[in-house]
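Chain A is the first sequence line, chain B the second, and so forth, proteins listed ahead of strands; every chain is numbered from 1. Because only heavy atoms are used, hydrogens play no part in the values below, and waters and symmetry mates are left out as well, while side chains stay in.
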Amino acid sequence: MSGAKAPDLLHAVNVLPDLTGIDRTFTYLIPNEVAVTTGMIVRINLANRRVRAWIVDDHVDIPEGVTCKPIEGVVSLALDVDRIALAKFAGWRYAGRIRPFLLAGSPERIVRERDLPDPRSLVGTLSEELDQTDPVGIATRDLMASGGGVLQLPPTAQRLSVVRSALEMLERGDQQGKDLLVLVPERRDVETLARRLRRLGVRCATLPEDFGSAFVGGVVVIGTRNAVFGPVGSLGAIVVLDAQSESYVDQRAPTWNATVIAQERARLAGAICILTSPAPPLAITAESRVRQLERPYERAHWPALEVLDRRSDDPRSGLYSPMLGEIVHLALERDDRPVACILNRTGRLRLLACRSCGEVARCEHCDGAMRQLEGAGSEVSPVLTCSRCAKTRPLICTFCHSGQLKVLRVGATRAAEELSALLGLPTKLVTGDRESTDRAQQDEIDARVIVGTEAILHRQSSASLVVFLDFDQHLFAPRFGAAEESLSILALAGRLVGPRGSHSVGAFARRLVVQTRLPEHEVVVAAREGDPSKINATELVRRRELNLPPSSAIALISGEEAAAFIELLAGDPSIEVGLFDDVPNTPKRQGSIRYLVRAMSTRLLCEALSAREGFGAGLRIEVDPSSI
DNA sequence: CGGACAAGCTGA
DNA sequence: CAGCTTGTCCGG
């Protein structure tokens with residue numbers, strides 16, 4: 001391939017060292033006999049240290065007044081010109097360093113040119129014919145033919161059809177020989193999709209392990225968030241499945257979103273990008289065309305949903321509607337599958353008050369709410385713990401010293417105990433905490449009622465019922481995206497119970513059960529009717545009124561140098577700055593202040609945030625924060 | 001990041 | 001004033 005290239009004279013490149021604390025490039029020389037390309041990892045000598053570095057610019061001029069050293073050698077294949085450009089874009093878009101993005105696109109172990117497998121063609125790899133009348137396939141082909149966009153795909157529809165149809169479109173016409181990149185939210189989805197495609201005769205490379213074959217191409221490349229920076233032989237299209245998933249957002253700074261990066265990668269490569277989602281959030285639909293399926297098809301592929309209106313229930317019945325016991329018993333009797341009960345609060349008791357004086361149990365030091373955590377092992381923890389500063393004290397009212405406290409709000413651990421008593425059956429607790437899950441599984445391996453946080457929806461593949469014990473907690477979450485997230489959770493839960501009406505005559509009707517005091521909330525209605533578009537119009541108006549995304553672009557600024565940076569930004573006319581909150585004493589950081597920065601558009605916001613250069617680790621910028 | 005070098009604190 | 005800590009700068 002490179003044999004025909006004109007012999008370069010000794011030339012210079014810019015490299016970015018693989019060191020956490022360095023956010024700038026250096027110029028190095030490439031000896032004549034060494035062949036390099038942009039994106040490769042080389043070894044350099046920097047300040048008498050041998051470090052790895054990525055070539056980020058090739059054939060650059062040597063800056064005046066510096067003497068450049070030659071590189072010490074080539075280490076590994078990693079990125080390429082396009083993905084280096086993508087990493088630079090990500091650094092701009094998320095106001096952060098580009099090293100994390102270069103790492104995301106690099107192999108875990110060294111990959112040399114000679115290690116690469118032989119390139120093969122994808123042509124003719126689909127052994128089974130696609131059903132050309134499948135509505136999902138038709139919609140996918142439409143989108144592929146018209147340049148991509150968002151596919152509003154109901155939760156129980158076949159996501160595999162999207163991938164197969166996209167692949168089929170790449171195998172014909174002028175796209176022939178181009179490769180497909182598929183992003184999925186979780187690791188287990190990577191395995192599942194690769195297995196299914198391989199069964200159909202499609203060659204797959206999963207990232208990060210199959211770096212070499214993905215690099216060469218002729219395979220469908222499948223991976224999670226980081227794979228958006230991964231190698232793809234010759235990119236023709238990107239499919240992002242369940243694009244609304246929070247798994248695509250990195251929790252650590254910079255808090256980037258793989259969906260956004262996927263769209264830019266496709267744009268840079270002249271490839272097509274298709275995002276699928278059962279309930280596409282405004283962040284996605286505001287900028288893209290949305291392809292919906294025929295209403296009857298969409299409706300039929302949402303789950304059945306039963307609302308338990310809690311408005312007239314006795315408040316003393318706690319989390320459980322009077323009908324709940326009966327509903328669960330019937331499900332267990334008529335269906336082999338487990339019943340899943342969702343309560344998104346961990347711990348045992350989340351909010352307590354004194355039985356005699358009514359005072360809410362609060363921390364003497366920081367005023368935070370005191371709660372009872374799950375004890376070590378199975379015994380009950382004898383103390384209250386502050387949810388903010390983690391200080392502990394005995395279960396006594398500090399106001400009147402009474403030892404009698406009443407529970408205002410329970411956590412999943414207590415709910416599991418209570419449900420067990422209510423139903424007269426063992427229950428299994430599942431939370432995001434690995435340890436407690438393992439323990440519960442050992443203790444009560446045959447429990448058919450599973451109680452826990454949203455984590456259940458990711459661990460369990462099927463259920464006869466998914467009960468949302470306190471759905472209002474989702475609807476009222478203190479985030480502007482709460483409505484969209486609530487609907488997405490219902491969609492996710494729908495995959496466990498299957499589409500409405502799928503049961504044979506006389507069999508149990510698997511369904512979602514939603515306990516709420518807002519039975520006519522637009523989210524509940526949208527899910528019940530399988531029509532996610534229902535929430536978009538009202539949501540868009542609300543966002544516009546509050547000047548929240550997508551009507552504006554926002555970022556949160558925190559850290560020791562935040563105040564200085566905000567002062568600098570205040571001079572920018574395209575930017576609006578304000579105090580966001582005072583985070584009270586957390587165990588780690590004492591009273592850190594966060595500022596909210598707002599601009600009319602993402603471009604204006606990112607341009608303004610570019611002023612961060614010169615600031616170091618004392619500045620934390622979170623672009624597109626979800627937690628406000 | 002981590003080495004180099006400068007400026008500040010300590011002690012007999 | 002050596003011997004040590006702490007801070008700031010900079011690398012091609």
Sugar-phosphate only, base, or nothing, as touched by A/Thr20 at under 4.0 Å among non-hydrogen atoms: sugar-phosphate
A/Asn32-A/His11 side chain donor-acceptor pair, cut-off 3.5 Å: no
Under 3.5 Å, which N/O atoms of the protein pair with N/O atoms of nucleotides 6-11 of chain C?
residue, atom, partner, partner atom, Å
C/dG11, N2, A/Arg49, NH2, 3.4

Any side-chain donor near an acceptor of the partner, A/His474 and A/Glu485, under 3.5 Å: no
Nucleotide B/dC1, atom C1' - distance to CG of A/Asp23 in whole Å: 12 Å
Interatomic distance where CD belongs to A/Glu72 and C1' belongs to C/dG12 [whole Å]: 13 Å
Distance in angstrom units between A/Asp18 CG and B/dG2 C1', rounded: 14 Å
Derivation of the salt bridge (charged side-chain N to carboxylate O under 4.0 Å, His left out) call for A/Glu454 and A/Arg345: CA-CA 9 Å; A/Glu454 252 174 85; A/Arg345 293 189 292 259; over 6 Å; no
Salt bridge (charged side-chain N to carboxylate O under 4.0 Å, His left out) pairs, two or more places apart, involving residues 70-84 of chain A: A/Arg50-A/Glu72, A/Asp80-A/Arg83
Validation row, ring centre A/Phe101 to ring centre A/Trp54 under 6.0 Å: no
Value in whole Å for how far the P atom of C/dG12 lies from CZ of A/Arg50: 15 Å
Sugar-phosphate only, base, or nothing, as touched by A/Pro63 at under 4.0 Å among non-hydrogen atoms: base
Of all pairs that satisfy salt bridge (charged side-chain N to carboxylate O under 4.0 Å, His left out), the ones with a partner from residues 595-617 of chain A, not counting sequence neighbours: A/Asp23-A/Arg612, A/Glu576-A/Arg598
